[in-house]
2 protein chains.
Amino acid sequence: MKPTQKHTIHDIAMRIGTSASTVSAALNGTWKARRIKEETAQRIIALAREMGYSVNLQARGLRTARSGLVGLILPEHSNRFFSDLSQSFTVEARARSQCPVIIATARKPEEELSTVRDLMGYSIDALFVAGAADPSQISDICRAAQLPHVFIDQPCPGAPSVITDNETGARQLTEAIIDTLAPHSPALEGTGREKVYLLGGDARLHASSRRIAGFQSAITAHFGKCDADQVIACGYEPEVAQTEIQALYARLGGLPAGLFANSINVFEEVLRFLSQRPEIELGAFSLGCFDYEPYGALLRLPVHMVRQRHLELVRTAWELLDKPGSTDLVTVPPELCLARPRRLPPEG
Amino acid sequence: MKPTQKHTIHDIAMRIGTSASTVSAALNGTWKARRIKEETAQRIIALAREMGYSVNLQARGLRTARSGLVGLILPEHSNRFFSDLSQSFTVEARARSQCPVIIATARKPEEELSTVRDLMGYSIDALFVAGAADPSQISDICRAAQLPHVFIDQPCPGAPSVITDNETGARQLTEAIIDTLAPHSPALEGTGREKVYLLGGDARLHASSRRIAGFQSAITAHFGKCDADQVIACGYEPEVAQTEIQALYARLGGLPAGLFANSINVFEEVLRFLSQRPEIELGAFSLGCFDYEPYGALLRLPVHMVRQRHLELVRTAWELLDKPGSTDLVTVPPELCLARPRRLPPEG
DNA sequence: TTGAAAGCGCTAACAG
DNA sequence: CTGTTAGCGCTTTCAA
């Protein structure tokens, strides 16, 4: 109960009357292989516990050229998806008796690189990279240092990557939006208000382009065509999204039949806009979000959501690491979270 | 551009034609103090960069008995407050050129302790503990190992702690709820529906008890008294909170004039309940939440919120660490996030 | 202005 | 079954 000073294996060796290497073996579990007498091992272990001894992992790491640390870099902590990832990563790391080191790099390429270098200085055993701004440079550095690494969410050409199946997810989400469309109203025909729109995202990015493809395929399957104006890939900036939703509303002279919000930020802006509209308008509006936010389920307006399977992503990433040399791009289907049906029609 | 193998200061020393100690000094910044010729230092630095060299921090740490790592343990990542804390902690750590190691311990005391021991094995330079389930044991271990540590959010007697000023925050939140109460309706007098209630939390916990005190003081100041039944400290379990809100509604025969949700979980249950009520009932309902959730501002119902100042908490914690031996309990006032006034009366 | 040498605490041959 | 020895890569006296 009072491990006042830092003890070393030598202290223990001395008190037991044995050598440091025996103590080391007893304490790190290799004693069976080293044919240490069971009783000796137990005595050592018992004393160590009594003294409150704990190994110096820096020393061990220096000697073994490993560290027991596994890194995860991600853009930010304050984001549901990434904090879910952190959670899963922590659980999986500990299950493998590794110590997770999670660092947010603010979507800045330079910060990503310097963080990677930092982590390499600590001899981390592996690096996970989620949502990287600059995947290939990171991969270059890791490869040069022979550091096993894997990308999550944002893939890297030539390096093992695991991402969500954006196209399938988008198709399913679009179908759900279509399924909850209000009954067809001839009055709206030709106004553009009878259509479903996709808002947000950057068509040049891998993820967005797949989502757009999924959206278009579902729309075409159901309506026979998908007009160019139904895809508003205006990026991820909240201000821009807000402007666009307002513009769309003005152009159509009201809400469209349905909307596919292509990211949590965009969704937030849509809600902000909707919170200013009279409830009556929402009655015939079908909304979906490609991202997950539990509060979405608490709105009075039903919202379909797509949720990335963070645990699956992390587990798959670890598996990719286990078969070295792989440059696979693995895809994990997301989870579709359907809104419960509307309970309270606007007329109360 | 191709740092293929791991280099050491000896490699550099050899190629420059100098000694390892000179290289070491040149690279770690002590070269001025060691009176190394500027030109030598620069040549070393240039070559190191060219070779893509990076120090082995485990070796440095072993030698110096430090590590450059600072730990933060917290209950979970998937929680707005804690992920905000992680974010601030990361920024502050990097500003001090330390490497943040953030680990979630699932509110399990054993996991907290084993994580602390793990981290101590890596010779972390300091430990931050947020929302600990078992503060005093953690503090004991740290003190025994002479590891500087500080508690955030959940204080520890006898150890430096920084927490939010719960009483003031609760008083302000209650006042905000009172300020937005619907005009007094004589019909409700005596039914209990004219009162404001506090729901959730555990009166035995430090934080809850301060919040209850703040609530009662604001209520008493305004109404002249605060009945015992106005405080429903039913814990943090969502199921229980859901039951309680339903029971309250049944008992009063409708929504009360106002409600103080004493945690994010409880708030979520309140919203879940409200999402099932017709909008017309919400017109005369005043809601506040002691916690912050950005989606709260996107609801059609105005919600007042109290937000802990995560950056302030982290900064203050770091300051406490800088004046060693302190066992202060420092309090940081929270931020009151007032709902914008109701824009859309129920009649649309 | 610099180099040599010792050693941080541990592990892993290699001898016994 | 166990002890001795030789480092892992770095920092830090101490001498020169």
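Lettering follows sequence order; numbering is per chain, from 1. All values derive from a computational prediction rather than experimental measurement.
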Does dC10(C) have its OP1 or OP2 closer than 4.0 Å to a side-chain nitrogen or oxygen of Tyr53(A)? yes
Kindly say if Asn28(A) contacts the phosphate of dT11(C), meaning a side-chain N or O under 4.0 Å from OP1 or OP2. yes
Base, sugar-phosphate, or nothing: which does [X] touch, judged by heavy atoms less than 4.0 Å apart?
X: Ser24(A); answer: base
X: Thr40(A); answer: sugar-phosphate
X: Thr8(B); answer: sugar-phosphate
X: Arg35(B); answer: base

Using whole Å, what does the distance between atom [atom2] of nucleotide [N] and atom [atom1] of [X] come to?
X: Glu39(A); N: dC1(D); atom1: CD; atom2: C1'; answer: 12 Å
X: Gln58(B); N: dC8(C); atom1: CD; atom2: C1'; answer: 13 Å
X: Ile36(B); N: dT12(D); atom1: CD1; atom2: P; answer: 13 Å
X: Lys6(B); N: dC8(D); atom1: NZ; atom2: C1'; answer: 13 Å
X: Ile9(A); N: dA12(C); atom1: CD1; atom2: P; answer: 11 Å
X: His10(A); N: dT5(D); atom1: NE2; atom2: P; answer: 12 Å
X: Arg66(B); N: dT12(D); atom1: CZ; atom2: P; answer: 11 Å
X: Ile12(A); N: dG9(C); atom1: CD1; atom2: P; answer: 13 Å

Does a side-chain N-to-carboxylate-O contact under 4.0 Å join Arg309(B) and Glu312(B)? no
When you check the gap from the basic side-chain N to the acidic O, do Glu319(B) and Arg315(B) get nearer than 4.0 Å? no
Which nucleotide wins on minimum distance to the side chain of [X], given the candidates [options]?
X: Ser19(A); options: dT4(D), dC10(D), dT11(C); value: dT4(D)
X: Asn56(B); options: dA6(D), dG9(D), dT12(D); value: dG9(D)
X: Thr18(B); options: dG3(C), dC1(D), dG9(D); value: dG3(C)
X: Arg34(B); options: dT2(C), dC1(D), dC10(C); value: dT2(C)
X: Thr22(A); options: dG3(D), dT12(D), dC10(D); value: dG3(D)

Can you find a side-chain donor-acceptor pair between Thr22(B) and Ser19(B) that sits under 3.5 Å? yes
Just checking, is any N or O donor in the side chain of Arg80(B) or Ser83(A) under 3.5 Å from an acceptor N or O on the other one? no
Heavy-atom nearest nucleotide on DNA chain C taken for Ala41(B) and for Arg60(A); more 5' hit belongs to Ala41(B)
I want to confirm an ordering. Mapping Ser21(A) and Ala20(B) to their closest nucleotides on DNA chain D, which one lands closer to the 5' end? Ser21(A)
Within the distance-only criterion (no hydrogens, no angle test), does the side chain of Tyr122(A) pair as donor or acceptor with the backbone N or O of Ser67(B) below 3.5 angstrom? yes
Using the ring of each side chain (for Trp, its six-membered ring), is Phe128(A) parallel, tilted or perpendicular to Phe89(A), with breaks at 30° and 60°? perpendicular
